[in-house]
Amino acid sequence: MARYGWTPGPTAAQRFGDAAWCASPASGAGAELALVGAYRLAGELAAAGGDHRVAFARYDAVHRPLVDRKQQIGPNLRLMVPRTEGGRRVRDALVRLPLMKAVGGIERRLQSRATETLPVYRRAA
């Protein structure tokens, strides 16, 4: 489930962790999104002098690219959870082969290992 805007909504608490971003189960990104998201939201609130409207808009702009990447579902998960009966048969046949370990290893190597540098926030004067 993708969410396209965070600024309207009942509470800021809904903007943290797995419940806020619905990352792919295969991404292993729940803790990363929670920690980076909390840091960025606190930083944007401080930089905006507490003006939540400004802070939420900035937060959305800086955090959305990371969330979008983590919501992507890789080919390994698509194979594990097929949409059709034919896909289930293919999956069931493939899991019996040693090939599956190799496929998982290849997918892990293909995933980007690039890390982002987080900004240093300053409190608004």
Side-chain angles (χ1 to χ4, degrees):
M1 175 178 168
R3 218 174 141 185
Y4 297 103
W6 298 324
T7 49
T11 67
Q14 292 175 339
R15 304 182 202 302
F16 296 106
D18 293 338
W21 300 304
C22 302
S24 163
S27 73
E32 176 187 7
L33 290 173
L35 293 169
V36 172
Y39 175 81
R40 285 179 168 159
L41 183 56
E44 293 300 340
L45 282 165
D51 184 341
H52 68 279
R53 289 177 184 87
V54 171
F56 288 173
R58 288 182 188 167
Y59 170 69
D60 185 59
V62 298
H63 199 52
R64 171 58 58 191
L66 175 64
V67 172
D68 287 344
R69 282 194 309 275
K70 299 302 180 177
Q71 286 178 335
Q72 299 303 309
I73 296 177
N76 198 20
L77 185 62
R78 290 201 192 285
L79 181 61
M80 291 170 40
V81 186
R83 294 181 182 172
T84 66
E85 179 62 32
R88 285 188 288 278
R89 288 186 188 136
V90 169
R91 177 207 52 207
D92 293 347
L94 287 175
V95 296
R96 293 181 182 95
L97 301 174
L99 173 69
M100 288 309 290
K101 286 184 183 179
V103 169
I106 290 169
E107 184 176 359
R108 283 188 294 279
R109 282 188 211 83
L110 292 175
Q111 290 177 352
S112 172
R113 296 291 181 218
T115 58
E116 294 183 40
T117 302
L118 294 175
V120 175
Y121 289 101
R122 305 281 183 233
R123 186 170 189 86

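Residue pairs that meet the salt bridge (charged side-chain N to carboxylate O under 4.0 Å, His left out) test with at least one member in residues 30-50, sequence neighbours left out, are E32-K70, R40-E116.
Among all heavy-atom pairs drawn from A47 and Y121, the shortest one is CB-CD2, 4.4 Å. In terms of heavy atoms, R91 sits closest to P82 at NH1-CD, 3.4 Å.
Residues forming a side-chain hydrogen bond (donor to acceptor under 3.5 Å, both in side chains) with R88 (at least two apart in sequence, or on another chain): E85.
Here L94 contributes atom CG and R89 contributes atom CZ; the two are 14.0 Å apart, rounded to the nearest 0.5 Å.
Linking ILVMFWY residues whenever their side-chain heavy atoms come closer than 4.5 Å, directly or via other members, leaves L33 and L35 in distinct clusters. Follow the hydrophobic side-chain contacts under 4.5 Å out from V54 and you never reach Y59; the two are in separate clusters.
Relative ring orientation between F56 and H52 is described as perpendicular, the plane-to-plane angle rising above 60° on a 0-90° scale split at 30° and 60°.
Side-chain atoms of Y39 come within 3.5 Å of backbone atoms of P119 as a donor-acceptor pair (strictly under, hydrogens ignored).
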